[in-house]
Each structure stands twice: as structure tokens, then as C-alpha cells.
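So the structure is just underneath, and the comments pick up after that.
Every chain is numbered from 1, with letters handed out A, B, ... down the list of sequences.
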Protein chains: 2
Amino acid sequence: MLKLSKLTDYAVVALVRLGQKSEVTTSPVLSRSTGIPEPTVAKVLKILATQGIVSSQRGARGGYRLARPLEEISIAAVIQAIDGPISLTTCVDGGDCDARSTCGLGGQWDMVNAAIRHALSAITLADMKNHTVTDRLGGLHVPPMPDGPEATA
Amino acid sequence: MLKLSKLTDYAVVALVRLGQKSEVTTSPVLSRSTGIPEPTVAKVLKILATQGIVSSQRGARGGYRLARPLEEISIAAVIQAIDGPISLTTCVDGGDCDARSTCGLGGQWDMVNAAIRHALSAITLADMKNHTVTDRLGGLHVPPMPDGPEATA
DNA sequence: CATAATTGGACCAGAACAGTACTGTTTCCT
DNA sequence: AGGAAACAGTACTGTTCTGGTCCAATTATG
């Protein structure tokens, strides 16, 4: 379906929320403020920590914090952190393709991959937060939450 | 992994090959000329027929034929035919998202989806064929990719 | 009209993913 | 110090989806 994993979706949500507060935040708090199940959000944060997207603080009073400002994190980076490399086909450069000699289109997919990657790299998490481009949202859309309507959990 | 199904890859290969002959072609013939297993190529063509990408002729002496010239078929169309709609998340407009009220980013993904769709719509099957870099099959070299074929509209 | 060729649709097996749970390590607070 | 809180890593389970196979409907041909 050419859809990215739900984990990635969660990652973006959590990261945007995380970018709205400067102090470290724990998984349970993030879970409550985003609506994502606690184990899942914990898993996502864990992965993001290993990829350097967020920095973690262990121990009591620990939590997670954005390693970079939202403006510096592209959607592509998040996708690559969670879902792995962005390669539409297995026929990428270096990949093994048994029908390579007969398929006739060499590595044309690289062009497509590059296009996708470029489009995804141009959008940052800040773009996801600032509702700049999207007034055309016909449906229900959420008010731009002032600042953490939870935090006092 | 943000990769599309192998079926889609096969579809592109089969379509490009199909575009190189004007008469109707059967699945077995296409299988032999592409290297794709017969049942698989048959399945792919079947799906493409239902989506109107190719026209089919049942019965003896039947086969498949391109419904549109290669130049008129975009990669996006093929992907949508095989993999379904291009929607990176389930949170698209009209989709059901239980965490919609809390995720905080309304339908920002639509912007990302649109970017992807645009990038994919700009590449046609003719672009996949016409290509001059098919000479280096064994090597891994990325085609000229200045800044993305067309992603910045 | 019978036969053969070919598409059309349904079915089944395998893998990949999402989600959950558990255990271990680290750090703060009392 | 001792206990509690929170991250880190691993393992497991259930579900979904892709990929592949088989049988039925259809049509030209002899």
C-alpha cells in the first residue's frame, strides 16, 4: 500500500509533542499526551534514541529529549530511523535481483527512490507542527494546543 | 521499510515490455521475455486489467495489451493499481484515527502524501524505458540525479 | 459442436510487522 | 545506603499482508 509503518506515524507524533517542551519527558507522560499506548511509545522512543533523533536520560527523573530542534529533523530521517532505508524496490544498487538481466530497466528505480527521498527530506517535523500549508483540511482538525495540556500527570 | 511490493516492481517490468509490442501478448510469453514466474506475471496482469492499465482479451488467442501508451502511465498509477492508494498513514482525510484528538497534527500527513504522489506522478513508464543507463547492468551506479527529477513544484 | 487456449476469481502458505511483556541496568531521592 | 523510578535490551505472540498456487468461466478455432 506504500504506507509507512504505524510506528513511524507514532514517532512523528511523539517527536512533535516532544518538541513542544524543553524539559525531559518520560514515556508514560508522552503516552498520555499523545494517546499512544505506553509500551508502544516506549518502543518508539527507544528506537529513536538509538538512532540519535532523541537523547535519553536514564534513571529516576530521566526521560527523553529532542537531540535536534524540530526544524532540523526531516520526515525522511524519522522514516529511516524507524522503517529503515528508503528503497522502494529490492532492485537497488547493490541489491540482488534475479531478473536483472531480463527486466530491461537496469536500475531505473534509483531515480524513483531519489525522487521520494528528496520529497521526504524537504519536509521537517516543524512543518508538521506549524499548520502553514494545510488549511485545505476539510475534516476535523485539532486546535493548535497551547502548551502541554497534560504535564501535570 | 517504505518499499513497495515486489508485485509492483514486476508490474512495471511487464508493462514496459508490453509497451514494446503492439499486438496482444499472453502471460506465458511475457513471463519468458521478462523472467518473471508465469503465475506471478499472470496475477500482475490480472490486477492491471481490473484497474484499466491494460486491456485483456479472454479466450483462445487472447492476451493483454496496453490500454494507454507508456508515456501516459505514471509510476504512481501502477503503484496505486497494485499496492492500492498512496497514503503513508492511516490518518488520511476520511481515515479513522483513534488518536486524532490527541496526536496534535491534524492531517499534516496529507501534505507528505501529496508530495510523494506528485513525485511519483512525474515519472512515467516511458522514463523507465527510455533510459540510456541500461547498459551497465552489473554495476552499481546511480543515474544522473541533480536534485530530483521533479519534486519542487 | 467439441476442443484447446487464455483470462478471471478464489484459496492457501509463508513472512513481516505491530504490539506486549519481561528482565536488567542506571540514576535520583530519602 | 537502600529503595524507587525510568530507560535499555530481548523475547514472545497475535495479526496482517504479501506472494504464490489452483480451479472455474470464457472464447476463438477446427
Side-chain angles (χ1 to χ4, degrees), chain A residues 1-11 13-14 18 23-32 34-65 67 79 81-85 87-90 98-99 153, chain B residues 1-11 13-14 18 23-32 35-65 67 79 81-85 87-91 97-99:
Chain A
M1 217 234 264
L2 191 60
K3 71 168 183 55
L4 41 83
S5 67
K6 213 179 290 185
L7 273 302
T8 305
D9 191 355
Y10 290 157
V13 174
L18 204 55
E23 69 273 9
V24 291
T25 311
T26 67
S27 296
V29 170
L30 226 30
S31 168
R32 268 185 290 280
T34 57
I36 304 170
E38 300 175 26
T40 302
V41 73
K43 184 179 189 174
V44 168
L45 269 309
K46 236 177 292 185
I47 298 174
L48 291 174
T50 63
Q51 301 297 317
I53 306 288
V54 299
S55 60
S56 61
Q57 173 64 31
R58 297 184 66 158
R61 300 293 299 261
Y64 293 99
R65 204 163 54 139
I79 293 175
I82 303 289
D83 275 7
S87 301
L88 267 56
T89 63
T90 57
D98 53 348
Chain B
M1 214 235 266
L2 191 61
K3 73 166 180 54
L4 42 82
S5 67
K6 210 181 290 184
L7 273 300
T8 304
D9 191 355
Y10 290 157
V13 174
L18 203 54
E23 68 273 11
V24 291
T25 311
T26 67
S27 296
V29 170
L30 225 31
S31 168
R32 267 186 290 280
I36 305 170
E38 301 176 24
T40 302
V41 72
K43 183 177 189 174
V44 169
L45 268 309
K46 237 176 292 185
I47 298 173
L48 292 174
T50 63
Q51 300 299 317
I53 305 289
V54 300
S55 58
S56 63
Q57 174 62 32
R58 295 184 68 160
R61 299 294 298 262
Y64 294 98
R65 203 163 56 140
I79 293 176
I82 303 290
D83 276 5
S87 302
L88 266 55
T89 63
T90 56
C91 212
C97 179
D98 52 346

Could you state the atom-to-atom distance from [atom1] of [X] to [atom2] of [N] in whole Å?
X: A/K3; N: D/dC17; atom1: NZ; atom2: C1'; value: 9 Å
X: B/I82; N: D/dC17; atom1: CD1; atom2: C1'; value: 15 Å
X: B/L18; N: C/dT7; atom1: CG; atom2: P; value: 11 Å
X: A/L45; N: D/dC7; atom1: CG; atom2: P; value: 8 Å
X: B/E38; N: D/dG19; atom1: CD; atom2: C1'; value: 16 Å
X: A/R65; N: D/dA6; atom1: CZ; atom2: P; value: 17 Å
X: B/E23; N: C/dT6; atom1: CD; atom2: P; value: 14 Å
X: A/L4; N: C/dA18; atom1: CG; atom2: P; value: 10 Å

* 5' priority, DNA chain C, between A/R61 and A/P39 [closest heavy atom] -> A/P39
For residues [X] and [Y], report the shortest heavy-atom separation together with the two atoms involved.
X: A/L45; Y: A/A14; result: CD2-CB, 4.3 Å
X: B/S87; Y: A/K3; result: O-CB, 3.1 Å
X: A/V29; Y: A/T25; result: CG1-CG2, 3.6 Å
X: A/D9; Y: A/L4; result: N-CD1, 4.1 Å
X: B/Y64; Y: B/A42; result: OH-O, 4.4 Å

Would you say [X] reaches [N]'s phosphate, i.e. side-chain N/O to OP1/OP2 under 4.0 Å?
X: A/Y10; N: C/dC17; result: no
X: B/S27; N: C/dT7; result: yes
X: A/S56; N: D/dC7; result: no
X: B/Q57; N: C/dA5; result: no
X: A/T26; N: D/dA5; result: no

* **Under 3.5 Å donor-acceptor pair, A/K6 side-chain atoms to C/dG19 base atoms** =>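 Not at all, since no donor on one side and acceptor on the other fall under 3.5 Å apart.
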* Polar pair under 3.5 Å, donor/acceptor by atom type, side chain B/R58, base C/dT6 ->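 No such pair is found, so the answer is no.
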* Which sits closer to the 5' end of DNA chain D, A/L2 or A/G59, going by the nucleotide each is nearest to? -> A/G59
Compare the minimum distances between each of [options] and the side chain of [X], then state the nucleotide with the smallest one.
X: A/Y64; options: D/dG20, D/dC7, D/dA28; answer: D/dC7
X: B/S5; options: D/dT21, C/dA4, D/dT18; answer: D/dT18
X: B/K43; options: C/dG19, C/dT7, D/dG20; answer: D/dG20

* To do: Remember a base hit wins even if backbone is also touched, and classify B/L7 as base, sugar-phosphate or nothing at under 4.0 Å, heavy atoms.
  => sugar-phosphate
* Asked: Checking all strands, does A/P37 fall into the base, sugar-phosphate, or nothing category for heavy-atom contacts under 4.0 angstrom?
  -> sugar-phosphate
* **Student check: side-chain heavy atoms of B/V44 and B/I36 closer than 4.5 Å** =>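 No. Closest side-chain heavy atoms not under 4.5 Å.
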